[in-house]
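Let me begin by presenting the structure, written as structure tokens, before commenting on it.
All values reported here derive from a predicted model rather than from experimental measurement. Order of appearance sets the numbers: ligands from 1, and atoms from 1 within every ligand.
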Amino acid sequence: MASNSALTDIPIVDFGQFLHGGKEEKELVAKSVDNAFRNVGFVYLKGHGIERDLVKRCFEWSAKFFALSPETRLLAPHPPGGSHHRGYSAPGVEKVSQHAYDAEELKKLREVPDYKESFESGNVNDDAQPNIWLPEDKLHGFRAFMEEYFTVCANLIHHILDALSIALNVDDPGLSPTHSKSLFQLRLLHYPAIDAEQLRNNARSRINAHSDFGTLTLLFQDHVGGLEIEDPIHPGTFRQAAPIDDTVLVNIGDLMARWSNDRYRSTVHRVGLPPSVPVTKPVPGLGVTTEGEREPFRPDVVVPDRYSIPFFATADMDAVIEALPGCWDEQNPKKYEPVTAWDYVQMRMAALYS
Ligand SMILES: O=C(O)CCC(=O)C(=O)O
Ligand SMILES: [Fe+2]
């Protein structure tokens, strides 16, 4: 079920065995996912139940959105500040930070802006952060599709929470009710084509090293590559997290690491220069494949556009985040004070845009 050739490789787990299996299969999958989150913080799930065609269509919509003129994209502007995280952010606006809350530190971090643009949407019932859409006639069908895709991804999150509940001995009904409002975030990311040289010399980054700050993240990536995760055994060294057909990459965020009393790793990751480039120019929207030849980068080469689709989950804002059962005992006591999800998220979001 889990294939790991080395401890720090990201395992591939067949989640179909959880979705469709009996008690025993579910327990086995739960154990594999638990192991992956303990050792690496990331897991590739295959058999996750999200149709390949739906993922492909999401990439197509994303490509269509980012192909609109800048003026049109800005008809759905991300509001200034970090508390209302919806709508379109132009390249260079957001710089992710790794636990840097200090204003000076954040200013310095922004000197190498992430060369990316994004569109964020969330739950239609999220009154605190209403969605910000383009006028319908600018991209007819975009909103309806994103609302559907949100629901499908949210369902998968709840199934993964069910698996974690088994692994961590959380009594029925498990962790899913702590995410009952599904106040999640669907993000379309576009990294424009860039000279390899710029990424190599760190003149620009695609996305700077960071950890996610919610509970769980789903990540769909196209076939350009360049996603890297920090090796938990050798901090400071990064390993490729290559795209794998028909899988979704799932990772632990900081809130879940804390909730699990650090049983689970919230692994630092970034997007940089891929080790090789597809020989044929990637077609936006056909991004969920690793098929086809690749060649090593030449120094003068342009790294193609990259599209990715993260889906960030977090707990209900009033959920109290305190060491879960199965994550502490007398030998391994609780490390953190209880905190509400709301207080935690506000602290992190403020750092993004302040
Ligand atoms: O583009 C990617 O593959 C990574 C995106 C990411 O890590 C994020 O948005 O938090
Ligand atoms: Fe991330």
Side-chain angles (χ1 to χ4, degrees), residues 10 37 40-45 55 58-59 62-63 65-66 78 82 85-100 109 113-122 153 157 184-194 199 204-230 232 238-244 247-257 264-275 282 284 287-290 303-314 345 348-349 351-353:
I10 303 174
F37 287 158
V40 197
F42 274 77
V43 66
Y44 289 101
L45 294 187
V55 179
C58 197
F59 275 98
S62 176
F65 176 86
F66 291 113
H78 188 297
H85 208 31
R86 299 289 181 261
Y88 171 69
S89 306
V93 172
E94 180 181 310
K95 177 80 195 177
V96 295
S97 70
Q98 181 60 27
H99 299 290
L109 271 173
D114 287 346
Y115 194 42
K116 65 173 168 48
E117 51 183 346
S118 59
F119 178 82
E120 327 279 340
S121 62
C153 289
I157 289 287
F184 307 156
Q185 183 191 325
L186 170 60
R187 160 179 256 200
L188 306 178
L189 266 174
H190 171 223
Y191 305 88
I194 186 170
L199 288 179
R204 279 188 153 157
S205 68
R206 277 198 149 166
I207 193 167
N208 199 46
H210 68 282
S211 54
D212 296 341
F213 52 71
T215 50
L216 289 166
T217 304
L218 309 178
L219 179 68
F220 304 89
Q221 52 172 329
D222 71 7
H223 62 195
V224 169
L227 176 68
E228 299 173 338
I229 72 162
E230 192 172 41
F238 283 79
R239 303 164 61 102
Q240 295 292 321
I244 299 180
T247 66
V248 60
L249 202 48
V250 186
N251 67 281
I252 292 290
D254 296 344
L255 192 63
M256 183 58 89
Y264 294 154
R265 292 174 190 271
S266 175
T267 299
V268 170
H269 51 286
R270 66 184 186 193
V271 178
L273 191 63
V288 282
T289 177
T290 51
V303 188
D305 296 62
R306 169 186 172 86
Y307 295 84
S308 67
I309 306 168
F311 185 82
F312 302 103
T314 198
V345 169
R348 297 299 301 271
M349 294 299 279
L352 272 180
Y353 282 91

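- Per residue His269, closest N, O or S atom to the Fe ion (ligand 2): atom name NE2.
- For ligand 1, the atoms lying closer than 4.0 Å to a non-hydrogen atom of Val271 are 1 (O), 2 (C), 3 (O), 4 (C).
- Side-chain atoms of Asp222 come within 3.5 Å of backbone N or O of Val224 as a donor-acceptor pair.
- Short contacts between ligand 1 and Phe312, defined as distances under 4.0 Å to a heavy atom of the residue, involve ligand atoms 8 (C), 9 (O), 10 (O).
- Shortest non-hydrogen contact noted between Asp254 and Ser211 is OD1-OG, 2.9 Å.
- Considering Ile309, Val250, Leu45 as possible partners of Leu218, the one that fulfils the side-chain contact (heavy atoms from CB on, under 4.5 Å) test is Val250.
- For Asp212 atom OD1 and His210 atom NE2, the angle they make at the Fe ion (ligand 2) is roughly 90°, to 10 degrees.
- Proximity to Leu189 (heavy-atom distance under 4.0 Å) selects the following atoms of ligand 1: 1 (O), 5 (C), 9 (O).
- Not a single heavy atom of Arg206 lies less than 4.0 angstrom from ligand 1.
- Ser308 contributes no side-chain N or O that, together with a main-chain N or O of Leu189, makes up a donor-acceptor pair within less than 3.5 Å.
- In this structure, Arg306 contributes its side chain and Gly225 its backbone to a donor-acceptor pair below 3.5 Å.
- In this structure, Thr215 contributes its side chain and Ala313 its backbone to a donor-acceptor pair below 3.5 Å.
- Interface of Ile207 with ligand 1, defined as ligand atoms under 4.0 Å from a residue heavy atom, comprises 6 (C), 8 (C), 9 (O).
- Residue contact check: Ser308 has heavy atoms under 4.0 Å from atoms 1 (O), 2 (C), 3 (O) of ligand 1.
- The backbone N or O of Ala241 sits less than 3.5 Å from a side-chain atom of Gln221, completing a donor-acceptor pair.
- Each of the following atoms of ligand 1 lies closer than 4.0 Å to a heavy atom of His210: 6 (C), 7 (O), 8 (C), 10 (O).
- The shortest distance between side-chain heavy atoms of Cys58 and Leu188 falls below 4.5 Å.
- Interface atoms of ligand 1 facing Pro310, defined by a heavy-atom separation under 4.0 Å, are 9 (O).
- When only interatomic distances are considered, the shortest N/O to N/O separation between Asp212 and ligand 1 falls below 3.5 Å.
- Contact atoms of ligand 1 toward His269: 7 (O) (distance under 4.0 Å to a heavy atom of the residue).
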